[in-house]
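Single-structure report; data block below.
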Amino acid sequence: MRKHYLNMFFSMVLVLGAFSLPAAAAQEVTSPPAVTQEVLVDEVEIKDPWMGFNRSMYKFNDGLDKAIIAPAARGYRAVVPKPIRQGVSNFFENLADIITAINNLLQGKPKEALSDTARVLVNTTLGVGGLFDIASRMNLEKHHEDFGQTLAVWGVKNGPYIVLPIFGPSTLRDTTGTIVDVTLHPLSGVEETEIVYSTVGLYVVDERAELLEASDIIEQAALDPYVFQRDAYYQSRQHAIKDGDSKHFSDF
């Protein structure tokens with residue numbers, strides 16, 4: 001069963017990657033020499049020893065996004081009414097609450113885990129399979145936790161920064177966390193590959209539609225979008241791991 005989960009994880013990457021081949025062929029990617037860079041952002045050391053590879057992956061992902069994902073997201077937003085898009089987002093957020101509940105429990109936060117579990121029960125039943133976020137109206141707080149954060153709580157260090165194909169910015173620790181989270185995801189138990197791929201595709205397009213304006217601002221404002229994305233990723237992860245409290249986890 002575990003082998004099935006991991007096969008599903010990598011098959012999702014390969015299928016999505018196959019669609020990106022035209023985009024990759026359309027642009028010539030020249031990798032700068034591999035330069036080891038270590039910088040400090042908000043007192044967090046960023047280790048980027050694979051910068052040449054990472055910049056190439058960034059260009060690959062950016063090309064894929066501009067050629068396929070962003071246009072699909074714009075079409076999705078133009079055609080699908082906002083209430084339906086909100087229902088789709090709520091559905092995926094409800095599934096994510098399951099992962100959050102498990103990780104809150106692993107992090108030693110039973111109160112938050114209980115709240116997350118209650119959210120799933122309420123939204124799955126009263127919220128018609130998660131299409132409506134009834135739990136938030138009942139003041140059940142929404143949390144965002146993943147296994148990468150759990151590893152950080154357990155004392156595992158970041159490791160080098162890496163840009164993954166399709167998945168984007170990460171670290172060695174967070175890459176391990178992603179594999180575990182995908183394994184735990186309810187979608188991992190679905191045997192029908194057509195359902196898995198179509199659901200993952202819908203999730204990617206729905207998430208991208210929410211970030212269209214933000215990505216446009218980055219392209220216009222950032223002198224080096226690669227560095228901007230990398231530093232923003234570290235800042236975001238630090239905030240998430242500390243649960244918004246800078247007093248926690250002094251050594252990120």
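Numbering starts at 1 and runs along the sequence shown. Model, not experiment: these values are computed from the prediction. Scope of the values below: all heavy atoms of this structure, side chains included, with no hydrogens, waters or symmetry mates.
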Any side-chain heavy-atom pair of [X] and [Y] under 4.5 Å:
X    : Y    : answer
F132 : N94  : no
Q235 : R237 : no
R208 : D65  : yes
P169 : Y58  : no
L212 : R74  : yes
I162 : N54  : yes
M51  : R230 : yes
L187 : L95  : no

> Is it true that M138 and L131 fall in one hydrophobic cluster, defined by side-chain heavy atoms closer than 4.5 Å?
Replying inline: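 Per the 4.5 Å side-chain linkage, M138 and L131 are co-clustered.
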> Same cluster or not: are V88 and L211 linked, directly or through other Ile, Leu, Val, Met, Phe, Trp or Tyr residues, by side-chain heavy atoms under 4.5 angstrom apart?
Replying inline: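 Per the 4.5 Å side-chain linkage, V88 and L211 are not co-clustered.
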Locate the shortest heavy-atom distance separating [X] from [Y]; write the atom from each residue and the value.
X    : Y    : value
T183 : I179 : OG1-O, 2.8 Å
A101 : T117 : CB-OG1, 3.9 Å
N61  : V163 : ND2-CG1, 3.7 Å
G129 : F91  : O-CD1, 3.3 Å

Please check if the side chain of [X] supplies one atom and the backbone of [Y] the other of a donor-acceptor pair under 3.5 Å.
X    : Y    : answer
T124 : L121 : no
S236 : Y233 : no
R85  : D206 : no

>> Are more than 12 heavy atoms, taken from residues, nucleotides or ligands other than F92, located less than 6.0 Å from that residue's CZ atom?
In response: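 Enclosed: over 12 neighbouring heavy atoms sit under 6.0 Å from CZ of F92.
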Nearest 0.5 Å, please: how far is [atom2] in [Y] from [atom1] in [X]?
X    : Y    : atom1 : atom2 : answer
R173 : Q149 : CZ    : CD    : 9.0 Å
L105 : L114 : CG    : CG    : 10.0 Å
Y203 : S198 : OH    : OG    : 15.5 Å
Q86  : E93  : CD    : CD    : 9.0 Å
S89  : E207 : OG    : CD    : 6.5 Å

> Can you list every salt bridge (charged side-chain N to carboxylate O under 4.0 Å, His left out) pair that touches residues 108-127, not counting sequence neighbours?
Replying inline: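 Every salt bridge (charged side-chain N to carboxylate O under 4.0 Å, His left out) pair that includes a residue of residues 108-127, provided the two are not neighbours, is D97-R119, K109-E145, K109-D243, R119-D133.
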>> Angle between ring planes, Y234 versus Y161, binned at 30° and 60°: parallel, tilted or perpendicular?
In response: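 Y234 vs Y161 ring planes: tilted.
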>> side-chain hydrogen bond (donor to acceptor under 3.5 Å, both in side chains), that's the test. Do Q107 and T150 meet it? Break it down for me.
In response: CA-CA 6 Å; Q107 292 173 29; T150 299; 3.0 Å; yes
> So, D62 and R55, do they make that salt bridge, N to O below 4.0 Å?
Replying inline: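 Salt bridge absent between D62 and R55.
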>> Between E213 and R77, does any NZ, NE, NH1 or NH2 come within less than 4.0 Å of an OD or OE carboxylate oxygen?
In response: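 Counted as a salt bridge, because a side-chain N and a carboxylate O are separated by less than 4.0 Å.
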> Can you list the residues that meet the ring pair (Phe, Tyr, Trp, His ring centres under 6.0 Å) rule with F228, with sequence neighbours excluded?
Replying inline: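 For F228 there are no ring pair (Phe, Tyr, Trp, His ring centres under 6.0 Å) partners, ignoring immediate neighbours.
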> For S170 and T175, what are the C-alpha separation, side-chain angles and deciding distance, and is it a side-chain hydrogen bond (donor to acceptor under 3.5 Å, both in side chains)?
Replying inline: CA-CA 6 Å; S170 187; T175 299; 3.0 Å; yes
>> If we check side-chain contact (heavy atoms from CB on, under 4.5 Å) with F147, which of these qualifies: D174, L184, L106?
In response: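 Exactly one pass, corresponding to L106.
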